[in-house]
Amino acid sequence: MNYHWNWWIFFEPSLDGTNTYLTTLFWGLGWTAATAIVAFAIALVLGSIVGVARTAPIGWMQRAGTIFVEIFRNIPLLVQMFLWYFVLPEILPRDAGMWLKQLPNAQFYTAAVCLGFYHAARMAEVVRAGLLSLSRGQKMAGQALGLTLPQTYRYVLLPVAYRIVVPAITSEFLSCTKNTSVGIAIGLVELTGTARAMQENTFQVFEAFAAATVLYLALNMVIVFAMRAVEKSAVIPGLGNRVAGRGR
Amino acid sequence: MKLKLLAAPLLTLVLAALPAHAAEESATLAKIAERGEITVGHRDGAVPFSYYDDQQKPIGYAMEVCARVVDAVKAKLGKPDLKVSYMAVTGTTRIPLLVNGTIDMECGTTTNNADRQKQVTFSTTNFVAGIRILSKKSAPIASMSDAKGKTVVTLAGTTSVKLINAANTADSLGLNILSAKDLAEGMLTLETDRAVALIFDDVSIAGAAATSKSPQDYQMSADPLSVEPYGVMLRRDDDGFKSLVNGTIEGLYKSGEINGIYEKWFTQPIPPKGINMNFPMSAQLKKVIANPTDDPNPDLYR
């Protein structure tokens, strides 16, 4: 293959005229991390609410939760991104729509909210699975103690359920980070976007994507290690299969 | 003794023939001859250069120029039944596919610039685009200074980005610059008022405006901010193939055939929807046709 490798390309000035390509890649990494963190925070909170709703013994809450999950889980993320960015402002009242369009960094907010909702649907299933894995006696015991239903969830069910599903949450966080790359569809200049912009102008396609690969890998390794610490501190001695896994 | 006597003139003969032979030799032509197939890379939506018609067949101005090149290759190799295959490429895949030999040339809207010359080479310029500003007639933007403090959109990774950033810093315009990933998205950004101006190659934005819902709502700035020479993208260090391609294109220029091809794609209704680009030949392209060049320096095309 007659490819002209040039690793020094990272130190050449990028299209904005002031920063090097390496700097733009790190800016891209920053936007990726910021989008992933905000989106995952939304997913964690919203997903917990929906997950609880899906297990609650209240008919309309279960139905609402199911509708949320099925809508946001079954529409492709790319399509959702377009709907949030290009369609939502058009169906809102004109003033609200214009306000949304004029918002600085609109791509970032849109991408974070869109990803947040998408992963909230998946997170809801994780939380629901955790709640369903508990024995029915837990809930009955809570209620027998005179706790109300919200109190039972708050003090008895959720603390255990969350601990059980930490590994699943880790994996959701990782896929959320990787899914930020869909943001280029609406012009979010995250890591994949900067790598693409770099290769479009210089044609050093392998160098650009090699750098993006390394940076994604590094970011996800940081998440894996952080979540491993969370897993360790969340473990309940004697509960579930965590103890069996100790010997690894 | 006899052998030596014979060897000397033979050696001179071989030496004399060598440079001529080297010019003839081309890795690309050898590969095409060996496989009995030439592969043309094309784009899927670069109207009217290289795009799909309603039968999913790649057509367009650049494709027609390349068809002439293919004819020349057939003639050169003496293989009139040479198989021609087509492969769609994107902005990201065109480089790897060209350098690894999957495609033999790329016929689209690739700008010939100095940075890219380190990786590939380009044929004689076959189109000269200018970077211009497309805006809505209700909020016209005629120059960069009109966009001061506003949001503009361009296509990520293109020379337009460099140009806008330079103007933004030089004249402290305080622009908010959005990067769309492709033309369709850039046009949508302007259409939905997320940006007041779309800044990109004039022929592309003219096409985007012509195919939009209400073409009469848009206007294009008069003076180009910069010029962009387009060419057929080829592998580096293959002068034999490059001179064949250049010879073919320059032949079209000399015979005046290029005018017919140009009119067919730019001033007449084109398939599949019968849209007319209404884009008469620019003075810059006329200049190239009179004096063909493959230089990446935009200043030479002004």
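Just so it is clear, the values below take in all heavy atoms, side chains as well, and ignore hydrogens, waters and symmetry mates. These numbers were taken from a predicted model, which means no experiment stands behind them. In what follows, chains are A, B, ... by sequence order, proteins preceding strands, each numbered from 1.
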[atom1] of [X]: more than 12 outside heavy atoms within 6.0 angstrom?
X      : atom1 : answer
A:R73  : CZ    : yes
A:F26  : CZ    : no
A:W5   : CH2   : yes
B:Q216 : CD    : yes
A:W7   : CH2   : yes

Nearest-0.5 Å distance, [atom1] of residue [X] to [atom2] of residue [Y]:
X      : Y      : atom1 : atom2 : value
A:F203 : B:T110 : CZ    : OG1   : 5.5 Å
B:N168 : A:D16  : CG    : CG    : 10.5 Å
B:T92  : A:R196 : OG1   : CZ    : 4.5 Å
B:K181 : A:T192 : NZ    : OG1   : 13.0 Å
A:L15  : B:T158 : CG    : OG1   : 7.5 Å
B:K118 : A:I9   : NZ    : CD1   : 5.5 Å

Between B:R94 and A:E200, does any NZ, NE, NH1 or NH2 come within less than 4.0 Å of an OD or OE carboxylate oxygen?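 Yes, A:E200 and B:R94 are salt-bridged.
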Against chain A, label [X] side chain, backbone, both or neither, depending on which of its atoms sit under 4.5 Å from a heavy atom there.
X      : value
B:T151 : neither
B:N113 : side chain
B:V153 : neither

Option in B:V120, B:L188, B:T111, B:T93 with maximal non-hydrogen atom pairs under 4.5 Å from chain A: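 When all of B:V120, B:L188, B:T111, B:T93 are compared, B:L188 has the most.
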Just checking heavy atoms, which of residues 34-55 of chain A are less than 4.5 Å from chain B?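 Residues in range: none.
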Would you please go through residues 97-120 of chain A and name the residues with a non-hydrogen atom below 4.5 Å from one of chain B, in numerical order?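 Heavy-atom contacts from residues 97-120 of chain A to chain B are A:M98, A:L100, A:K101, A:Q102, A:A106, A:Q107.
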Within the 4.5 Å heavy-atom criterion, are A:Y3 and B:N100 side-chain neighbours or not?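 The answer is no; the side chains never approach within 4.5 Å.
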When A:T18, A:I186, A:N6 are compared by non-hydrogen pairs under 4.5 Å with chain B, the top option: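 Among A:T18, A:I186, A:N6, the one with the most close pairs to chain B is A:I186.
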Does any heavy atom of chain B fall under 4.5 Å from the side chain of A:Y85, the backbone, both, or neither of them?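 Both backbone and side chain of A:Y85 come within 4.5 Å of chain B.
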Where B:G91 and A:Q199 come nearest, the two heavy atoms and their spacing: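 Looking at all heavy atoms of both residues, the closest pair is O-NE2, 3.4 Å.
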